[in-house]
Amino acid sequence: MLKNRLISFNYVTGLSKRQPRFFNIFLFSLFFLIFSPEKGSAGLLYADESEDKINRIIIEKDKLPIIDSISPSRANTVFRDYNSIVESNRKALSAGREPEIMFFQYKNTERFTFQGVAARSTMNQETLATLNQIENAQDDVKEKTFILPVVDGLFIAMDRGINSIEVLLQENYSHQTLTKNVIYYNIEGRDYIFLRSKRFTPTERAYFLDSALRLPLDNDSYWVSSEFGKRKNPFSGEMKNHNGIDLAAEEGTPVYAIKDGAVYAAIEKDVEFGNYLILSHDQGKMTSVYAHLSKIFVDRYQYVKKGDVIGLVGQTGKATGPHLHFEIRQGGKAEDPRNRLNIKE
């Protein structure tokens, strides 16, 4: 079972300590921290209680060479040098030689999509995604500052996964025996294992590319009793904004998480919403609200996956009958769930 704070791997370390051939181009420092991991130390990696030492390369984003643009031009020398290093590393790996170790930073002021950044940098999507905590290929990455590596592979976080693809990778690799190509990084204070040349499995890729939201209730279990927008409040009679949609269903009907995320709030006996949940998705960019529940099955801060049963329909709080009051908020602003979900008429 995956632990919350520690992942146990079997491993054989293998780390090239050669200076990058292009080292004199940039002011670029790599620090090696050597330590003996102790069993049970939070956040550290250990292997079968052995005393093997782990070489960790420490990367600080603000000290990396800056790529101002990933649009090719003669004047864009840093980006040309980056591409040259990537190509050189691929030839070296094909010939059985060790690649150079370098990282760059790029702020996406050019407003490329995630796929666009991957294509311009010629890095595999899974490499950029796992290094930069991208959960889904459709994530909005405008103005995001990327760390760009020069070798393809998977970066697997050693602490608790913070998004669905991290959790899935940790589950898939937590009991595998790793090879000599493993490198250990500390990037912006977070520990990673780098599996060189590894790619997503078909299941992991499908998960990464799946951007669809599921319905909070089974399709044949509800009817829409109140729409999003202005409506007359059933208790006060006043015209007020209804920031969600009401799905009438039998009490006890299962309620599902519409997307992977963390439980931001699990509230009981609220005057208005009764028992309700708020899930946080995409590192807080989107939230979903599930109100008037008869039962809550999850705890605050718990990580849930799309389709997990998180509660049961009820009529707690101010409710005229059993139903689910459901909201989607993007950037804190309520939007009509019909715009995001395939809700039947």
Inspect the surroundings of OH in Tyr264 and state if more than 12 heavy atoms from other residues, nucleotides or ligands are less than 6.0 Å away.
no
Using 0.5 Å steps for rounding, measure from the CD atom of Gln105 to the NZ atom of Lys63.
12.5 Å
N/O donor-acceptor pair under 3.5 Å between Tyr276 side chain and Lys269 backbone
no
Do the charged groups of Arg338 and Glu227 touch, with an N to O distance under 4.0 Å?
yes
Can you name the closest pair of heavy atoms from Ile296 and Ile267 and give their distance?
CD1-O, 3.6 Å
Glu135 (side chain) donor-acceptor with Asn163 (main chain) under 3.5 angstrom:
no
Any chance you could measure Ser174, atom OG, to Leu169, atom CG, to the nearest 0.5 Å?
11.0 Å
Could you tell me if Arg120 sits above the aromatic ring of Phe112, with its cationic atom closer than 6.0 Å to the ring centre and no more than 45 degrees from the axis?
no
Give the minimum heavy-atom separation between Glu268 and Asn275, together with the two atoms involved.
CA-OD1, 3.2 Å
So, Asp140 and Lys142, do they make that salt bridge, N to O below 4.0 Å?
yes
Glu110 and Ser71: side chain donor to acceptor below 3.5 Å
yes
Using 30° and 60° as the class limits, which term best fits the ring planes of Phe155 and Tyr185: parallel, tilted or perpendicular?
tilted
Could you tell me which non-hydrogen atom of Lys259 sits nearest to which non-hydrogen atom of His281, and how far apart they are?
O-CE1, 3.3 Å
Just by modelled atom types, is the Leu293 backbone N or O under 3.5 Å from a matching donor or acceptor in the Thr316 side chain?
yes
Checking the side chain of Asn89 only, and the main-chain atoms of Glu100 only, is there a donor and an acceptor separated by less than 3.5 Å?
yes
Does Asp152 come within less than 4.0 Å of Arg90, counting only side-chain N to carboxylate O?
yes
Just wondering, do Phe104 and Asp81 contact through their side chains at under 4.5 Å, heavy atoms?
no
Can you label the angle between the His325 ring and the His292 ring as parallel, tilted or perpendicular, going by 30° and 60°?
perpendicular
Considering non-hydrogen atoms only, spot the tightest contact between Ser121 and Leu128 and give its length.
OG-CD1, 3.7 Å
Starting at CD of Glu250, measure out to CG of Leu312 and round the result to the nearest 0.5 Å.
12.5 Å
Sequence neighbours excluded, every pair satisfying side chain to side chain donor-acceptor pair (under 3.5 Å) that has a member inside residues 298-309:
Glu171-Lys305, Asp210-Lys306
Under 3.5 Å, side chain of Glu327 to main-chain N/O of Val289, donor-acceptor pair present?
no
With clusters defined by side-chain heavy atoms of hydrophobic residues (ILVMFWY) lying less than 4.5 Å apart, directly or transitively, does Val298 cluster with Phe273?
no
What is the minimum heavy-atom distance between Phe114 and Val141, and which atoms define it?
N-CG2, 3.5 Å
Would you say Asn132's side chain and Ile147's backbone share a donor-acceptor pair under 3.5 angstrom?
yes
Applying salt bridge (Lys or Arg N to Asp or Glu O under 4.0 Å) to Glu204 and not counting sequence neighbours gives none
Verify the ring-centre separation between Phe194 and Tyr184: is it less than 6.0 angstrom?
no
Quick one: does Thr253's side chain get under 4.5 Å of Tyr222's, heavy atoms only?
no
Is it true that Leu93 and Tyr82 fall in one hydrophobic cluster, defined by side-chain heavy atoms closer than 4.5 Å?
yes
Could you check whether any side-chain N or O of Gln170 sits under 3.5 Å from a backbone N or O of Gly161, counting only pairs where one atom can act as donor and the other as acceptor?
yes
State, to 0.1 Å, how close Ser294 and Glu251 come at their nearest heavy-atom pair, and which atoms those are.
CB-OE2, 3.7 Å
Sorted by chain and residue number, the side-chain contact (heavy atoms from CB on, under 4.5 Å) partners of Asn76 (sequence neighbours excluded) come out as Ser69, Ser73, Phe79
Validation row: Val309, Val255 side chains within 4.5 angstrom (heavy atoms)
no
Taking atom CG of Asn172 and atom OG1 of Thr201, what is their separation to the nearest 0.5 Å?
6.0 Å
Drop me the distance from Tyr256's OH to Leu215's CG, to the nearest 0.5 angstrom.
10.5 Å
Is Asp218 reaching over with its side chain to a backbone N or O of Ser221, donor-acceptor style, under 3.5 angstrom?
no
For the CD1 atom of Ile328 and the CD1 atom of Ile258, what is their distance to the nearest 0.5 Å?
4.0 Å
